[in-house]
Number of protein chains: 2
Amino acid sequence: MENKPYLTPKQEKVLNFIQKRIGERLPPTIREIGEELGFKSTGTVRDYLKALIQKGLVRRMNNKSRAIELTERVNFNKIPIIGTIMAGKPNLAYEEIQGYVDADDLFLGRLGFDDVFALRVKGDSMVDAGILDGDIAIIKKRPNAENNNIVAALLDNNEVTLKRLRSKAGKFHLEAANNNYPPIFEEFKVIGKLITVIRKY
Amino acid sequence: MENKPYLTPKQEKVLNFIQKRIGERLPPTIREIGEELGFKSTGTVRDYLKALIQKGLVRRMNNKSRAIELTERVNFNKIPIIGTIMAGKPNLAYEEIQGYVDADDLFLGRLGFDDVFALRVKGDSMVDAGILDGDIAIIKKRPNAENNNIVAALLDNNEVTLKRLRSKAGKFHLEAANNNYPPIFEEFKVIGKLITVIRKY
DNA sequence: TGACAAACCACACATTTGTGTGGTATATCT
DNA sequence: AGATATACCACACAAATGTGTGGTTTGTCA
């Protein structure tokens, strides 16, 4: 399944507005889109919709008011579940997206989208903190965190782990929640902070 | 906050249809409701909407197509989070509903509604299974379960606990996941099976 | 230069959709 | 008996909304 194709800035804006309105429960009419974006002609809006449909981002039903849908290619309000993260310097490059988790009001409150992702937990290094192999960890991206926070951290070998952040004499290190694992004093970079854990049986 | 007031069977049907359509993303038009329910006049549908609005279950915007909303009193696709459950014989009587969890596709798959609820976990009796104090346990109601399932069970003293179900020589008992707690051999009744655990930090 | 797409607008028109008025019939409660 | 609620229908009409045709301008690519 491919990802979102190239969009012009305005097309992006139109799409975002549609997303926003759908998120608020009621998809917009053509005229509502035009009004928001400052278009004086419904024809203009239809041109945009045509473009978005052609790019596979939007679906419509004929002659039905507000019948605008986003396709699966628009991962609206969804958080990617990642197996492996190849993390370059400034931004994460999601490599192995295993699926999506819907960012629902009650679990997370409506979040911004770009700053949250999910990790499938591997191994038992955090069992004593009640985080088991296979759990889904929801992470909020952040370049730093506080003492005792559980964080997703990038190690020197390009590996990502979930560990507890500890400060000792002003210096940070990582600790597992399992006596079988030694603390990590190597160089690392905090990617984000754990905000939620989900486990399915 | 009160609960759903009395509805006539037909009003119930209208409400359900609206719920269904909203769940499918696009609220219905007045004529669509009429068509579904077999009404030949739009006036009839408006009478029903008027009734539902008066009973505080529905909100509308004037002159806007499909602008039908459900109010908070209709807990659509939401699972009650329960503190204490007073469980009579056949049905649970939710006593202390602390809030609602949105039953989202990706966490639970679209579920039927009446057969799922959530418990806020108290105590540390399941820590070794990675279930901590304060976690939200999503339970699917069931009168029985299998060996090794974690279940919500009703004890003789009318208390509800989350424990692991064990069978030994054809006889079931409950086990904590914490050595400080002895197994429970008293009489108990299985209320439901644990399907998901959610923890927020 | 010509073709093409992006980015617009103006309108006319057809449908869809919401609104409003005015009915009928049945049952319940006072 | 009269008031009230449920449970419908038929229309007419107005507003909202989608469709379609035919433009203009600007820039890019070949």
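Checked against side-chain contact (heavy atoms from CB on, under 4.5 Å), Pro27(A) has the following partners two or more places apart in sequence or in another chain: Ile22(A), Arg66(A), Leu26(B). Under the side-chain contact (heavy atoms from CB on, under 4.5 Å) criterion, Ala51(B) pairs with Gln11(B), sequence neighbours left out. In this structure Asn62(A) satisfies the side-chain contact (heavy atoms from CB on, under 4.5 Å) test with no other residue, sequence neighbours excluded. The side chain to side chain donor-acceptor pair (under 3.5 Å) check on Glu69(A) picks up Arg59(A), with sequence neighbours excluded. Annotation: side chain to side chain donor-acceptor pair (under 3.5 Å) contacts of Asp128(A) (sequence neighbours excluded): none. Remark: Phe185(B) pairs with His173(B) by the ring pair (Phe, Tyr, Trp, His ring centres under 6.0 Å) rule, at least two apart or across chains.
The 5' end of DNA chain D is approached more closely, in terms of each residue's nearest nucleotide, by Phe39(B) than by the other of Lys64(A) and Phe39(B). Each of Pro9(A) and Met61(B) lies near DNA chain C, and the nucleotide nearest Pro9(A) is the one positioned closer to the 5' end.
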Between protein and nucleotides 23-30 of chain C, map the contacts as a letter string: B base, S sugar-phosphate only, - none, heavy atoms under 4.0 Å, written 5' to 3'. --------
Donor-acceptor pairs under 3.5 angstrom involving side-chain atoms of residues 43-50 of chain B: please list them, not counting sequence neighbours.
none

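Under 4.0 Å is where a charged nitrogen must lie from a carboxylate oxygen, and between Arg164(A) and Glu175(A) no such pair does. Remark: Arg21(B) engages Glu32(B) in a salt bridge, criterion side-chain N to carboxylate O under 4.0 Å.
Considering only the side chain of Thr8(A), dA6(C) comes nearest among dC8(C), dA6(C), dC8(D). Nearest nucleotide to the side chain of Ile30(A), out of dT19(D), dC8(C), dT17(C): dT19(D).
Within the nucleic acid shown, Arg46(A) comes within 4.0 Å of at least one base atom, counting heavy atoms only.
Computed from coordinates, the Leu26(A) CG to dG18(C) P distance equals 10 Å when rounded to whole Å. Asn62(A) places its CG atom 11 Å from the P atom of dT16(C), with the value rounded to the nearest Å. When the C1' atom of dC8(D) is taken as reference, atom CG of Leu49(B) falls 15 Å away, rounded to whole Å. Going from atom CG of Asn63(A) over to atom P of dA14(C) covers 13 Å, rounded to whole Å. Taking atom CG on Leu7(A) and atom P on dA7(C), their separation rounds to 10 Å, with Å as the unit. Between Tyr48(A) atom OH and dA5(C) atom P the separation is 16 Å, expressed in whole Å.
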Write down the protein N/O and nucleotide N/O pairs, taken from nucleotides 10-12 of chain D, whose separation is under 3.5 Å; answer none if there are no such pairs.
{"residue": "dA10(D)", "atom": "N7", "partner": "Ser41(B)", "partner atom": "OG", "Å": "3.1"}

